[in-house]
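Labels below follow one simple rule: chain letters A, B, ... track the order of the sequence lines, proteins then strands, and each chain is numbered from 1.
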Amino acid sequence: MRSHVSVLRLPRGPDPNGRGFDPNSPRFIALCPTTISASSETGTDSVQIREEQRARSALRESFLRTLIAMTNKQVQFHMHERVKVEAKFGASDIDVLNVQVSELHTPIGVQKEALLRCQDVISYSFDL
Amino acid sequence: METWRQLKPLEWWKYVNKEVKVTAHDKQQHHGWVFTVDPVSASIVLVTFQEKGGTSTVRVVTGHAVQEVEVLQEGNEETAGRLRVIFTPPGAQALGPEEVRRRKESLRLWLEKNRIPVEEKGETLCVANVLTVSAPYGAEDCSSSNEIILARVQSLVESNPDSTPDQPANS
């Protein structure tokens with residue numbers, strides 16, 4: 001096993017005034033769409049809203065299962081500029097903005113633990 | 001398409017169980033069967049099956065990077081079933097109603113044998129009025145607000161000589 005490189009830069013800690021998943025926090029507003037796509041209340045009947053919500057939950061549940069299947073597996077991350085790195089997937093946050101990985105193989109060495117920003121990632125793949 | 005992220009969940013749903021070609025920001029194209037689209041980040045989960053039962057590859061294209069999605073093929077019951085099976089966690093088996101009933105009976109008898117008061121309330125077993133066990137009556141299915149009782153009952157459930165350990169499914 002290759003020896004690990006020392007930590008280059010710690011990720012910025014949580015905002016001291018923040019409350020984590022606060023939709024009004026600067027982090028959320030800057031990085032997340034301020035509204036999740038949804039039909040507006042007026043002009044659509046409740047049946048369609050129900051159908052839409054059902055679809056949304058089913059889609060989200062399947063996506064969460066994908067994340068579960070990915071835990072502790074070797075994942076290849078394709079980033080911008082055709083950079084490809086491999087790491088062991090640990091966890092992601094609720095909006096899938098950041099991904100925690102271990103044993104990140106980078107061109108300059110192996111990072112023991114790292115946080116990847118999802119905006120930098122174009123796609124990621126793993127084998128089942 | 002810039003509008004991929006603005007689609008509504010019902011429109012994303014239309015892509016599920018279809019074979020598509022996704023063009024991403026870096027002009028790379030990815031083929032695969034759509035398993036799901038995350039409604040929060042608009043990321044597309046694509047599955048490429050391997051022939052002859054090899055390992056499948058799952059690729060997730062992040063929502064912000066999606067440029068174009070082209071449908072190549074419609075899926076059918078078979079592909080939907082294959083997609084579902086891939087993501088079922090190992091060890092999860094669908095238990096028939098007879099098996100569930102048998103497990104409930106077995107657990108109830110075991111608890112009574114250990115002098116623990118237990119009541120049947122429909123589908124759940126109510127233990128000493130502070131803990132409930134729901135189907136399929138394993139150690140993970142116990143819930144209580146009292147952690148000491150929870151720990152005790154869980155170890156009891158696990159030590160039930162009648163319980164057969166779950167066979168992990170081949171993943």
What distance do [X] atom [atom1] and [Y] atom [atom2] have between them, rounded to the nearest 0.5 Å?
X	Y	atom1	atom2	result
A:E51	B:W13	CD	CH2	10.5 Å
A:R65	B:I86	CZ	CD1	13.5 Å
B:R84	A:S62	CZ	OG	10.0 Å
B:D26	A:I122	CG	CD1	3.5 Å

Is any residue of residues 78-88 of chain A within less than 4.5 Å of chain B by heavy atoms, and which ones?
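A:H78, A:R82 fall under the 4.5 Å cut-off.
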
Tell me if the CZ atom of B:R152 is crowded by more than 12 foreign heavy atoms within 6.0 Å.
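Atom CZ in B:R152 is not packed in, count stays at 12 or less.
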
What donor-acceptor contacts under 3.5 angstrom involve side-chain atoms of residues 31-48 of chain B, with partners at least two apart or in another chain?
residue: B:T36; atom: OG1; partner: A:L59; partner atom: O; Å: 2.8
residue: B:D38; atom: OD1; partner: A:R60; partner atom: NH1; Å: 2.7
residue: B:D38; atom: OD1; partner: B:V40; partner atom: N; Å: 3.4
residue: B:D38; atom: OD2; partner: A:R60; partner atom: NH1; Å: 3.2
residue: B:D38; atom: OD2; partner: B:S41; partner atom: N; Å: 3.1
residue: B:D38; atom: OD2; partner: B:S41; partner atom: OG; Å: 2.6
residue: B:S41; atom: OG; partner: B:S43; partner atom: OG; Å: 2.8
residue: B:S43; atom: OG; partner: B:G63; partner atom: N; Å: 3.3
residue: B:T48; atom: OG1; partner: B:T57; partner atom: O; Å: 3.4

Region of B:V22 in contact with chain A, defined by heavy-atom distances below 4.5 Å:
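For B:V22, neither part sits under 4.5 Å from chain A.
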
Which answer fits B:Q28, side chain, backbone, both or neither, if we ask what part of it has an atom under 4.5 Å from a heavy atom of chain A?
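It is the side chain, since no backbone atom gets that close.
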
Is [X] linked to [Y] within one hydrophobic cluster, defined over Ile, Leu, Val, Met, Phe, Trp and Tyr using a side-chain heavy-atom separation of less than 4.5 Å?
X	Y	answer
B:V130	B:V118	yes
B:L109	B:Y137	no
A:L115	A:L97	no
B:Y15	B:L72	no

Tell me, which pairs form a salt bridge (Lys or Arg N to Asp or Glu O under 4.0 Å) where one or both residues lie in residues 111-122 of chain A, sequence neighbours left out?
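Every pair satisfying salt bridge (Lys or Arg N to Asp or Glu O under 4.0 Å) with a residue in residues 111-122 of chain A: A:R117-A:D120.
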
How close do A:A69 and B:F87 get, counting heavy atoms only, and between which atoms?
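Minimum heavy-atom separation between A:A69 and B:F87: CB-CD2, 3.9 Å.
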
Give the member of A:V121, A:T66, A:V96 that has the highest number of heavy-atom pairs under 4.5 Å with chain B.
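Ranked by heavy-atom pairs under 4.5 Å with chain B, first place is A:T66.
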
Given the options B:V61, B:L10, B:V16, B:L83, which has more heavy-atom pairs under 4.5 Å with chain A than any of the others?
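Among the listed options, the one with the most contacts to chain A is B:L10.
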
Could you tell me if the side chain of A:Y124 sits less than 4.5 Å from the side chain of B:T62, heavy atoms only?
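Contact flag for B:T62/A:Y124 side chains = yes.
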
With sequence neighbours left out, what residues match B:T132 under side-chain hydrogen bond (donor to acceptor under 3.5 Å, both in side chains)?
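Partners of B:T132 by the side-chain hydrogen bond (donor to acceptor under 3.5 Å, both in side chains) criterion, ordered by chain and then number, come out as B:S143.
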
